[in-house]
There are 2 protein chains.
Amino acid sequence: MTDQDTRLVLERLLRLRDRREPLVVQIAEWVGAGIVEGRLEPGQDLNSVDLSRRFETSRTPVREALMLLEQEGLVEMKARRRPRVAAPTPQDIRDIYQVRKNLLSMLAGLLVERADDEELAELRTRVERMRKLADGGDVDGYFWNHVLLQERMTEIVGNPTLKQILDSLALRTLMLRHLGLTRAGRLAHSVDDQERLLQACEERDGELASALIAGATVRAQRAVEEQLEQDGAARGRKPARGRRAAS
Amino acid sequence: MTDQDTRLVLERLLRLRDRREPLVVQIAEWVGAGIVEGRLEPGQDLNSVDLSRRFETSRTPVREALMLLEQEGLVEMKARRRPRVAAPTPQDIRDIYQVRKNLLSMLAGLLVERADDEELAELRTRVERMRKLADGGDVDGYFWNHVLLQERMTEIVGNPTLKQILDSLALRTLMLRHLGLTRAGRLAHSVDDQERLLQACEERDGELASALIAGATVRAQRAVEEQLEQDGAARGRKPARGRRAAS
DNA sequence: GGTTGAGATAGTGTCGACACCGTTGCGTCG
DNA sequence: CGACGCAACGGTGTCGACACTATCTCAACC
């Protein structure tokens with residue numbers, strides 16, 4: 001998972017282009033990518049002085065970048081307190097996946113209604129590419145194409161409100177999803193899910209597509225939770241938690 | 001619809017308390033209430049100089065307040081351009097209601113699962129109060145209690161992610177919903193919908209509750225669209241559109 | 001008359017300074 | 001030995017200034 005990939009995806013998911021000055025975009029991408037990639041740990045302080053020094057700017061654009069990430073749930077800010085990298089609890093993660101499952105169901109139903117044959121063919125091409133990546137065991141490549149696939153689906157459906165909410169939820173689970181995909185056999189299962197979903201779309205069976213994507217989401221969630229539990233057990237032995245922002 | 005009511009609801013829906021300095025909160029509430037109440041027209045400029053003069057502050061807290069409202073979809077900001085009051089298109093409104101319908105369905109299902117008898121009794125009290133207000137033709141009173149009812153429901157369900165998304169969607173439709181309720185007979189229909197929903201909850205019928213709230217949302221949307229069309233036709237004759245912020 | 005461009009105007013983005021407050025480390029007291 | 005309080009430190013929120021640019025005005029030109 002290269003930093004560059006992450007930045008490009010962040011730029012789209014956060015709708016940064018043209019909405020903010022390049023300086024703010026740069027900072028938001030660096031911090032956001034850091035959080036997604038795990039370079040910045042949950043709970044870690046993100047003080048604006050350090051960040052402004054790092055980017056050789058004043059604190060104003062730093063504050064703005066952090067506010068952008070706050071609204072996407074990657075950063076937590078309280079008045080007069082130092083901003084921190086968000087630390088979602090297991091319950092938060094369950095809640096997010098629950099909403100995500102529901103909205104993805106909706107998305108699948110709309111996709112069946114609204115995607116024309118050409119668009120479905122494009123999605124088919126994407127899934128085939130993902131199949132190859134999965135067979136080759138390329139977790140990173142598969143991961144990014146997975147993100148892209150869902151992004152494309154929301155575009156095809158053409159409901160910007162829905163897209164925005166799904167993007168926000170996707171962002172919050174980005175690092176988690178990558179985690180889940182590293183589990184043995186998960187890659188193959190995931191690509192199977194995508195193929196079944198696409199087939200249902202091609203057969204114009206909205207009910208089935210909804211059910212399939214809901215099932216796939218539940219399985220993805222389970223993979224993430226199992227992996228988290230495993231990591232948590234491992235980390236229990238050395239519970240280090242940095243407090244200063246990386247400099 | 002008093003300004004004070006609006007501010008209190010905004011404060012909760014925007015989660016302002018403790019998240020921002022009082023100064024920022026004050027500005028965000030004034031602008032937000034202005035948009036919801038229609039004092040500030042869609043598309044109107046919100047330049048930070050005028051606003052800072054009005055509140056006797058610098059532009060920094062103004063910018064922060066506007067960013068808060070931007071993330072809730074009440075204000076539109078592009079880099080280097082003046083912020084504007086958001087002007088949702090009819091299509092945007094359809095999209096928002098579509099997502100809202102879906103999430104409210106989910107909410108109803110969860111409510112049936114998770115609300116205990118005591119909580120249902122509390123909701124019953126609220127609905128009865130709303131019945132009285134509806135009978136008395138008190139549009140404003142009914143409106144705010146309606147907002148409060150849904151807020152309470154999301155709290156009972158206990159999924160903060162869902163609550164936050166529903167709150168955000170609620171905000172975007174606040175002024176519209178009030179508009180819809182002014183239509184003849186709409187108040188009575190609305191309270192009927194609420195009673196049916198609550199009854200389904202008391203009978204622990206999740207499927208029915210979901211269906212009912214989905215239906216109610218569709219009807220609310222229709223009322224809003226009809227009222228908008230009517231207003232639009234009326235406004236077509238004198239298409240004034242202020243460009244300066246009120247001062 | 002309508003279009004185009006230059007100059008004036010007005011508003012945004014960023015900065016460094018400063019006042020205020022949360023935090024931390026240390027000394028004091030029970 | 002631990003709880004408490006105090007003072008120094010560090011970080012946040014706000015300000016006024018300034019550079020840059022979108023926007024408006026108006027005049028010259030076709």
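These values consider heavy atoms only, across backbone and side chains, with no hydrogens, waters or symmetry-generated copies. Below, chain A is the first sequence line, B the second, and so on; all start at residue 1.
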Exercise. side-chain contact (heavy atoms from CB on, under 4.5 Å) with B:V25: which of B:L16, B:L10, B:L68, B:D18?
Worked result: B:L16

Separation of atom [atom1] in [X] from atom [atom2] in [N], rounded to whole Å:
X	N	atom1	atom2	result
B:L46	C:dT12	CG	C1'	14 Å
B:D45	C:dT12	CG	C1'	12 Å
A:R82	D:dC9	CZ	P	16 Å
B:L66	D:dT14	CG	P	14 Å

For this session: Verify, without hydrogens or angle tests, whether B:Q44 (side chain) and B:E41 (backbone) share a donor-acceptor contact under 3.5 angstrom.
Result: yes

For this session: Quick one: closest heavy-atom pair of B:A65 and B:I27, and the distance?
Result: CB-CG2, 3.7 Å

Seminar exercise, completed: What one should report as the nearest heavy-atom pair of A:L69 and A:A28 is CD1-O, 3.8 Å

For this session: Scan A:P83 against the nucleic acid and name what it touches under 4.0 Å (heavy atoms): base, sugar-phosphate only, or nothing.
Result: sugar-phosphate

Exercise. With a 4.0 Å cut-off on heavy atoms, is A:R59 in touch with a base, just the backbone sugar-phosphate, or nothing at all?
Worked result: base

May I ask you to verify if any side-chain N or O of [X] is less than 4.0 angstrom from the OP1 or OP2 atom of [N]?
X	N	result
B:R81	C:dG13	no
A:S48	D:dT12	yes
A:S58	C:dC15	yes

From the set [options], return the single nucleotide nearest to any side-chain atom of [X].
X	options	result
A:V49	C:dT14, D:dT12, D:dC15	D:dT12
A:R80	D:dT12, C:dT12, D:dT14	D:dT12
A:L23	D:dT14, C:dC15, C:dG13	C:dC15

